[in-house]
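Values in this document were obtained by computation on a predicted structure and should not be read as measured data. Counting convention: from 1, in listed order, for ligands and their atoms alike.
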Amino acid sequence: MRYFLTGGAGFIGSHLATRLLDRGDEVLVLDDLSTGSMDNIAHLVDRPGFRYRIGSALDLPLVTECVDQCDITFHLAAAVGVRLIVERPVHTIETNVKASEVVLAAAAKKQKLVVIASTSEVYGKSSALPFAEDGDLQLGPTTHSRWAYACSKALDEWLGLAYLREKQVPVIIVRFFNTVGPRQTGRYGMVLPNFANQALAGEPITVYGTGEQQRCFGHVKDAVEALLRLVATPAAVGGVFNIGSDEEVSIRRLAELVRDEAGSDSPIELVPYAEAYAEGFEDMQRRIPDLTRLTRMIDFRPRTPLAEIIRDVVADQRARRAAR
Ligand code: UDP
């Protein structure tokens, strides 16, 4: 099969591309290298079946050409990372909404299957834990840029489902919860690579807020497995699926675990949100996926334990530091 990956030089995309090539599929990556990077796909460029184009997912003729050449599209290109979203809201809104419009319009020509990557952010401030896919979304005011991200991704979901209903484009929506693993960069504010880097450098590990907030971290290899199973399951079309782990950890505890794994004596420093982010910022206290629907649909649940995830991320950051 031939797969088209928008954002294929990003973190999740590059892992998905590797896995597809490993099993003998062909992969075409489109990436504008904004948050993605050639480093992420450098190990793939000489492999048979791999092609890449540097360009924008907003470029309709280019995207149409790519969609036409492939059987299935994973639309992973998006403006990601809380820091980027708060600092560049125009870019976030435009990229996320327009790119999905372009990809879906291209897919509509020949009714090609599209997976739209969404995010657990869409649940917003909901307190209905664990978050189930058909639960209500609870977003904050438009004066806070953070919610622009959630809203733009929610609109992507609506658009995808609208294309299915009105134009018979087979669409699957996936909501990634905190997905982590090798090659993720801390540059855009993601907590685990940040902590790993700080611990390895012997610098203070910066825990925002009280550190009592909790998250569930899922390994990217599990996320990739879930994606592959979903596209191989006809009944998944039209569905919205949480992808992630439901093993919770507080951010303060995460800092301790990372420090231990790195063999570091970095101090753990509490940083008020007002200092950490560019504007008045609301953090989610807890975020747990309900994985019932995913597990029923594909007979798989993300299973990499947190200790192994941390081990992988610390080892990856250590290797990158050594290579610098
Ligand atoms: N966080 C932190 N230190 C950092 C980066 C993030 O304490 O250097 C916190 C952040 O405030 C949030 C959690 O870690 O409570 C997860 O942040 P991330 O940006 O990775 O993902 P989010 O869950 O916010 O989408």
Do Y52 and D31 come within less than 4.5 Å of each other through their side chains, counting heavy atoms only? no

Are a donor atom and an acceptor atom from the side chains of S250 and Q213 found within less than 3.5 Å of each other? no

Atoms of ligand 1 less than 4.0 Å from M190 heavy atoms? 20 (O)

For Q214, is the nearest heavy atom under 4.0 Å from an atom of ligand 1? no

With only distance considered, is N194 within less than 3.5 Å of ligand 1 through an N or O on each side? yes

Under 4.0 Å from one or more heavy atoms of Y273, ligand 1 contributes atoms 11 (O)

Taking non-hydrogen atoms only, is V191 closer than 4.0 angstrom to ligand 1 via side chain, backbone, both or neither? both

Sub-4.0 Å heavy-atom approach of E121 to ligand 1: yes

Pairs of nitrogen or oxygen atoms closer than 3.5 Å, one from Q198 and one from ligand 1: do any exist? no

Quick check on contacts: which atoms of ligand 1 are under 4.0 angstrom from a heavy atom of V207? 7 (O)

Distance-only polar pair, side chains of R321 and N197, donor-acceptor under 3.5 Å: yes

Ring-face cation contact, Y123 with R175, 6.0 Å cut, 45° max: yes

Heavy atoms, side chains only, cut-off 4.5 Å: are E157 and I116 in contact? no

Which bit of N178 gets closer than 4.0 Å to ligand 1, counting heavy atoms only: side chain, backbone, both or neither? side chain

Heavy-atom contact under 4.0 Å between M284 and ligand 1? no

Under 4.0 Å, heavy-atom basis, I'd like to know which part of R146 is in contact with ligand 1: side chain, backbone, both or neither. side chain

Heavy-atom check, side chain of I243 versus side chain of L227, under 4.5 Å: yes

Run down the list I268, I85, D283 and name the one with the heavy atom closest to atom 12 (C) of ligand 1. D283

Structural part of T206 in contact with ligand 1, heavy atom criterion under 4.0 angstrom: both

Just one of P302, P305, P182 clears the side chain to side chain contact (heavy atoms under 4.5 Å, CB included) bar with H219, so which one? P182

Could you name each residue pair satisfying side chain to side chain donor-acceptor pair (under 3.5 Å) that touches residues 224-237, not counting sequence neighbours? R19-E225, E225-R229

Any luck finding a side-chain donor-acceptor pair between S100 and D156 under 3.5 Å? yes

